[in-house]
Amino acid sequence: MATFQSLPGFRDFYPDDLARRKHIFDLWRRTAHTFGFAEYDAPVLEPLELYKAKSGDEIETQLFSFTDKGGREVALRPEMTPSVCRLVGAKANALKRPIKWFSIAEFYRYERMQKGRGRCFSQFNADIFGEPGPEAEIELIAMLTQCLASFGLTEEDFYVRLSDRNLWFYYLEALGLDDARVRGMLGAIDRFEKYGDDAFKGYVEQFGPLDDVLKTKVVEFLRIKSLDALEQTLGAMGHEKITARLADWKKLLGGLEAMGLSRFIAVDLGVVRGLAYYTGFVFEAFDRKGELRALAGGGRYDDLVEKLGGPALPAVGFAIGDMTFALLLEQRGLMPNFVQAPDIYCVIGGENGRRAAFGDIHALRAMGRRVDYPMKDVAFGKQFKLAADSGAKLALIYGDDEVAKGVVKIRDLTDRTEREVPSAQTIAMVRDYFS
RNA sequence: GCGGUCAUAGCUCAGUUGGUUAGAGCACAAGAUUGUGAAUCUUGGGGUCGCGGGUUCGAGUCCCGUUGGCCGCCCCA
């Protein structure tokens, strides 16, 4: 038993694990590039204040934070948003708009582990800065669906729930709630799906008994699942902001429909995504079966760049976590089995064969071919088995017979055919085979 | 921060009301087999039974503590 083990919630990545992670990262990255997003990164360690400024002092209990040797209060990053806001904010005037950026990075949170949640995890983050209209949401939600669909997941597997904190603000204001009550009510709405009427307990404690008519209107509203229903409920109110907002909704849903993505989208006013800094549309991706934690979440945060010391800059973003996503892929049988196969495996007999093989091995590797061979003398029979097990397509055979004849035997491991070629032509033959 | 549950080989597990030197399969390695592929056979390495303490003539087994895993609550940026 090992004396040392990894810290609680942290993960070792053995080659098989890393292959799976790399598969996920590669497809995310490729997808982001197809959408015209540019990749960036930021420090793993940031000033503690950066996170306090965004989320409040309580956040510290959930951070890996400490005082460094220079007396600075620092924290391992728990998320990317504050960092990217700093990056963008610092050069906002010099960056071409719209700013479409993504990153794939590891994050750290001091929390209890649960299914799909650990103390370190990776996220794909994507943000658009400088675009105030729903065009940015169209682009991001389209990319979010593609980031999941590119693994073979379909509308049977996941969907994106779409809601709008602005509409809630306008609606609750129109119902006569002041700012504090609106905030309290949004908290209740967020919990309603899970707790039903109990979700209003906190609100009642804070603001007194809840008017039945008001409650009915709120519950009706949060049950809205379509644009038609939204328009029916709100259209008649003659509220100027609401009317304008409904136009944004039409543009957003129309854009996603034109991209052929309607099957992934569910209007659901029951989503408000906690408290935080969201200011407009919010969206979350879930598995259809509802068995897992959220796959991804995002929304508009138009005030945050300015709040963190930058210029006023509208922004929308989302993040996909790797843990829940990997669980979903495993569940649906969409996680491939990765074999790190060489292209070529060399079968070597004796010292003469080894000397002959080494020259070719190095030349082939220099050409970019993956070549492997047994480091110690091994019985021929076993070497052929090793060659087959390795997944290589070709075996190059350097036995005493071949060396004596000045040839190399090339065995095609896929169709089990063999032929001898003069030693000097081996490299060329192999190159032709793979071209 | 709170609760449930579990911990025996690299993995999956067995281990009787407490009893002698803790087992199996898989995996890994060597050999049968220095010349041809997923087989077979033989053999081997690997365990302070998570850790610490207690009860007992005797603890993998019972008790207490602790650490860690998994699951849930709070939270979820």
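Proteins come first, then strands; the chains are lettered A, B, ... in the order of their sequence lines, and each starts at number 1.
- Using a 4.0 Å cut-off, some side-chain N or O of A:Lys385 falls inside it from OP1 or OP2 of B:A39.
- Under 4.0 Å is where a charged nitrogen must lie from a carboxylate oxygen, and between A:Arg300 and A:Glu137 at least one such pair does.
- Between A:Glu156 and A:Arg288 there is no salt bridge, since no side-chain nitrogen of the basic residue lies less than 4.0 Å from a carboxylate oxygen of the acidic one.
- Here the nucleotide nearest the side chain of A:Lys409, chosen from B:A77, B:G37, B:U36, is B:U36.
- Checking B:G35, B:U34, B:C75 against every side-chain atom of A:Ala379, the shortest atom distance belongs to B:U34.
- In the set B:G35, B:G69, B:C73, B:C73 carries the atom at the smallest distance from any side-chain atom of A:Lys194.
- Ionic pairing of A:Arg354 and A:Asp377 is present here: one or more N-O contacts between side-chain nitrogen and carboxylate oxygen are shorter than 4.0 angstrom.
- In RNA chain B, stems built from 3 or more consecutive Watson-Crick or G-U wobble pairs, each with both distances under 3.5 Å, span B:1-7 with B:67-73, B:10-13 with B:23-26, B:28-32 with B:40-44, B:50-54 with B:62-66.
- Taking every side-chain heavy atom of A:Ile397 into account, B:G35 is the closest of B:U33, B:A77, B:G35.
- Out of B:C71, B:G68, B:G35, the shortest distance to the side chain of A:Lys115 is found at B:C71.
- For B:U36, its base never sits under 3.5 Å from the side chain of A:Arg416 at any donor and acceptor pair.
- Within the 4.0 angstrom heavy-atom criterion, base atoms lie near A:Pro78.
- Stacking between A:Phe380 and B:U34 is absent: the aromatic ring centre is not both under 5.5 angstrom from the base six-membered ring centre and within 30 degrees in plane angle.
- Here A:Gly9 lies in heavy-atom contact (under 4.0 Å) with sugar-phosphate atoms only.
- Listed nucleotides: B:G72, B:C75, B:A39. Nearest to the side chain of A:Arg191: B:C75.
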